[in-house]
Amino acid sequence: MARHLITSALPYINGIKHLGNMVGSMLPADVYSRYLRQRDHEVLYICATDEHGTPAELAAKELGLPVDAFCAQAHDAQKAVYDGFALAFDYFGRSSSAENRDITQHFARKLNENGFIEERAIRQVYSPADGRFLPDRYVEGTCPHCGYDKARGDQCENCTRVLDPTDLINPRSAISGSTELEVRETKHLFLLQSKLQHEVEEWVARHEQDWPQLASSIARKWLTEGLHDRAITRDLDWGVPVPADTWPELAAEGKVFYVWFDAPIEYIGATKEWADQDPENRDWKSWWYEADDTVRYTQFMAKDNVPFHTVMFPATELGVREPWKKVDYVKAFNWLTYYGGKFSTSQKRGVFTDQALDILPADYWRYFLIANAPESDDSSFTWEHFTATVNKDLADTLGNFVNRVLSFSRKRFGDEVPAGGEPGEAEARLGEEIAGLLAEYETQMEALQFRKAAAALRALWSAGNSYLEEKAPWLEIKTDKDGAALTLRTAMNLIHLYAVVSEPFIPATSAAMRAAFALPDDTATWITQEEAKSLTTVPAGTPFTVPPVLFAKLTDEDLETYKERFGGTEA
C-alpha cells in the first residue's frame, strides 16, 4: 500500500476559525485521511498553527500579553476545537517551533548559496515614536477608495482593494497611534522568483492535468502574469530570525522571515516535531527527503491559499536544489459563504467552530459541511439548508433506520440478533445494490470528490430504508416470524456496514452504531464487496443494545433561535 502524506492549510493563530475555514482545509483532509487508514494505507496527516506575522503581534498587544504567551494560549484553544471536531491529526504543530526555525534558516541559506536570494534597499514607513520600521499591517488609516477609516497598509477590509501604506489618508501607527510617520530606506531579503519562473512552469505542467481545475487555473494565472521577486523578510519582533552567520547586518537589525516564507516550510517542521517526540521509531526525512517514489503528497486548502502552494512554495523548494518532496495533488476549495456573504473573523459574521460545537455535536457539522463542500463553485450556508439536511439525511434516513430496526427487534425477539430463514430474492437484490453503491462511494472518495462521496453514502443509507419498507417486518411478523427475523438480521448487518463505511464522515456516530453489537472479534476496517453482497458480518445470536438517539431532529423553534443568534438574511 502507498504511503500518503496529507497536509491542510495552516490555520492562522489569530482567533478561532469559522466553518468556511474548516470545510476548506482541515475537515476534508481528515475525512480523506480516515478513509485511507481504513483501506490499510500508511498515512501521516500533519497540520499546525501559523503563528508569525503582524496579526499575531497586534492580537497579543491588544490582550496585553507577550506574543509567545498569546500564541501558546491560542494554539491550545484552537487544538481544543479541532479535537471537538474529531480531527485525527497525526501531529498538530506550531510554526514557532525550533524545528521550523532551523529548517527555514536552512532553506534560506541554500537559496542564497544558489543565487536565489538578494539583499535590496527599499523605502518603508518608520515611526520615530515606536523606534521601528512598520510592516504594512502596522500602518492604519483611511482608505483612499472607500473612505473606511480602519484600513490597513496592505489592504482595505471594507472594499478589499490592495493598498500600500503610503496610499492611506492620515496614516497612523497601529502600535502607538502616532501620526508622525516617516519614509526611510531599509534593507530586506528578496526571493528571486523571476529566475525560477521557467522551472516552476515546467513543474506545474507535469502536474496540473491531475489537479482540480480550480487549482490548476489559479497556478496557471499566476505563471502567465509572471513571477515577481518577493521580499521575504520583515521588521518584526516575532518570527524566524534571519541567521546571523549569513546576513549579520540584517540579523543585528532584528529582521525576521516573512510569514509566507516560513509557514509552508512548517509542514516539514511539524513532521520533524512529530518525529522528535519518538525519534527511535519515527523518521521524518523518509516523508520529505528523496521521497518522490515512495510518498504521495496531497494538500488541502481554500482557493486563496492556492498560489502560495502551487507556485511560491514549489519555487522555494526548487531553488534549494535539494530533493525535498513537492505536492502531488492539490485539493482546492471555493468559498463557503454565509447567506451569500463572506464569513469574516474580524467582523464576526457567520458561525465559528467553537460556537458550532456549543450548539450541536461535531457529526452534525462534519456531515453537512462535507456533503455541501464548495468544490466546483462557492456554496452558501443557511440555517434553513442546514436544518433540512440534518432532519432528512441524518435524523430520518440514518438515525431513524437504526432506531426502528434495533428497537423493533428487541421488542419482538429480545436482545440478540434473530436468526430467521435463509436470504431470498429481496436480500440478493439488496446485496447487489449495496455492493454497487459501496463501489461508487469508494470511487468518489479515492477521487477526492466529497460531495459525490456524500451522495453515495446517503444512497447507501436510503437503500436500507427502501428494503425495510419493501419487507415491512412489522407486518411480516404477523404471518411469517422467520421472515421478519431474516429482515431484521439483514437490516442489522446494514447498520454494521453503515458504522464501518460512514466513519470518515461521522466518526462518533459510527462508533456508537458499531458498539451496539457485541462482536468481540470485530476488527474489520472496511467492508469488502463480497461482504456487502452477503450481509452476514453480524451473525444470529449476537447480543446488541439500542443506542441513544443518534441525531435529534431540529425544530422550527431551533431554526429561529439560530437565526436570531447568528443572523439569517441574505448579504
Just do the ring pair (Phe, Tyr, Trp, His ring centres under 6.0 Å) check on His41 and Tyr35 with the steps written out, would you? CA-CA 9 Å; His41 294 286; Tyr35 172 77; 8.0 Å; no
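- Residues Thr537 and His496 have side chains that never bring a donor and an acceptor to within less than 3.5 angstrom of each other.
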What do the steps show when you test Lys553 against Asp396 for salt bridge (charged side-chain N to carboxylate O under 4.0 Å, His left out), and what is the final call? CA-CA 8 Å; Lys553 293 195 76 167; Asp396 289 344; 3.3 Å; yes
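- There is no side-chain donor-acceptor pair under 3.5 Å between Ser379 and Asn372.
- Partners of Thr298 by side-chain hydrogen bond (donor to acceptor under 3.5 Å, both in side chains), not counting sequence neighbours: none found.
- Comment: Asp292 does not engage Lys326 in a salt bridge, judged by the lack of any side-chain N to carboxylate O separation of less than 4.0 angstrom.
- Annotation: the span from Leu497 atom CG to Ile527 atom CD1 amounts to 5.0 Å, rounded to 0.5 Å.
- The number of heavy atoms from other shown groups lying within 6.0 Å of CG (Asp556) does not exceed 12.
- Using modelled atom types and a 3.5 Å distance limit, the side chains of Ser502 and Trp461 yield a donor-acceptor pair.
- With respect to Glu442 and Arg39, a salt bridge is recorded, a charged nitrogen being found less than 4.0 Å from a carboxylate O.
- Salt-bridge check for Glu446 with Arg296: failed, with every basic side-chain N at 4.0 Å or more from each acidic carboxylate O.
- In this structure, Leu457 CG and Asp393 CG are separated by 9.5 Å, a value rounded to the nearest 0.5 Å.
- When all heavy atoms of Ser407 and Val546 are compared, the pair lying nearest together is OG-CG1, 3.7 Å.
- In this structure, CZ on Arg412 lies 4.0 Å from CD1 on Ile477, to the nearest 0.5 angstrom.
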Carefully, step by step, assess Asp30 and Arg366 under the rule salt bridge (charged side-chain N to carboxylate O under 4.0 Å, His left out). CA-CA 10 Å; Asp30 178 74; Arg366 288 178 62 103; 2.7 Å; yes
Does the ring pair (Phe, Tyr, Trp, His ring centres under 6.0 Å) test come out yes or no for Tyr289 and Trp324, once each step is laid out? CA-CA 5 Å; Tyr289 202 82; Trp324 294 98; 5.0 Å; yes
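- With values rounded to the nearest 0.5 angstrom, His4 atom NE2 is found 15.5 Å from Tyr45 atom OH.
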Check against salt bridge (charged side-chain N to carboxylate O under 4.0 Å, His left out), Lys331 and Glu375: CA-CA 9 Å; Lys331 178 61 177 178; Glu375 291 176 295; 2.9 Å; yes
Give the intermediate values and the outcome of salt bridge (charged side-chain N to carboxylate O under 4.0 Å, His left out) for residues Arg37 and Asp40. CA-CA 5 Å; Arg37 291 189 188 105; Asp40 292 327; over 6 Å; no
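- For the pair Lys342 and Trp335, the distance from NZ or CZ to the six-membered ring centre is under 6.0 Å and the angle to the ring normal is within 45 degrees.
- Counting only residues at least two apart or on different chains, the salt bridge (Lys or Arg N to Asp or Glu O under 4.0 Å) pairs with a member in residues 413-428 are Glu425-Arg429, Glu427-Lys471.
- A donor atom on one side chain and an acceptor atom on the other are found under 3.5 Å apart for Asn281 and Asp278.
- A donor-acceptor pair shorter than 3.5 Å cannot be found between the side chains of Tyr498 and Ser510.
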Go through the steps to decide whether Trp365 and Phe386 satisfy the test ring pair (Phe, Tyr, Trp, His ring centres under 6.0 Å), and finish with yes or no. CA-CA 9 Å; Trp365 301 103; Phe386 176 74; 4.4 Å; yes
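- A centroid separation of less than 6.0 Å is found between the aromatic rings of Phe368 and His385.
- Taking the ring axis of Tyr82 as reference, the NZ or CZ atom of Lys79 does not stay both within 45° of it and closer than 6.0 Å to the ring centre.
- Using a cut-off of 4.0 Å between Lys/Arg side-chain N and Asp/Glu carboxylate O, Asp378 and Lys303 are scored as salt-bridged.
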Are Glu560 and Tyr562 close enough, and set up right, to give a side-chain hydrogen bond (donor to acceptor under 3.5 Å, both in side chains), and what steps lead you there? CA-CA 5 Å; Glu560 291 308 313; Tyr562 301 149; over 6 Å; no
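- The closest side-chain donor-acceptor pair between Gln38 and Thr525, if any, does not fall under 3.5 angstrom.
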Show your working on ring pair (Phe, Tyr, Trp, His ring centres under 6.0 Å) between Tyr364 and Phe551 and close with a plain yes or no. CA-CA 8 Å; Tyr364 290 72; Phe551 294 100; 5.1 Å; yes
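- Remark: Phe450 CZ to Phe300 CZ distance equals 4.5 Å, nearest 0.5 Å.
- The aromatic rings of Tyr338 and Phe381 sit parallel, their planes meeting at an angle under 30°, below the 60° perpendicular limit.
- For the 3.5 Å distance criterion, the side chains of Gln277 and Glu273 fail to qualify, holding no donor opposite an acceptor.
- For the residue pair Asn493/Thr490, the side-chain donor-acceptor check at 3.5 Å is not satisfied.
- Remark: side-chain polar atoms of Arg3 are not paired, donor with acceptor, to backbone N or O of Thr294 under 3.5 angstrom.
- From Asp482, atom CG reaches atom CD of Glu476 across 10.0 Å, with rounding to the nearest 0.5 Å.
- With a 6.0 Å cutoff to the six-membered ring centre and a 45° limit on the axis angle, Lys563 does not count as a cation-pi contact of Phe566.
- When only modelled atom types and interatomic distance are considered, Arg458 and Tyr441 share no side-chain donor-acceptor pair under 3.5 Å.
- For CD of Glu202, the number of neighbouring non-hydrogen atoms (other residues, nucleotides, ligands) closer than 6.0 Å is greater than 12.
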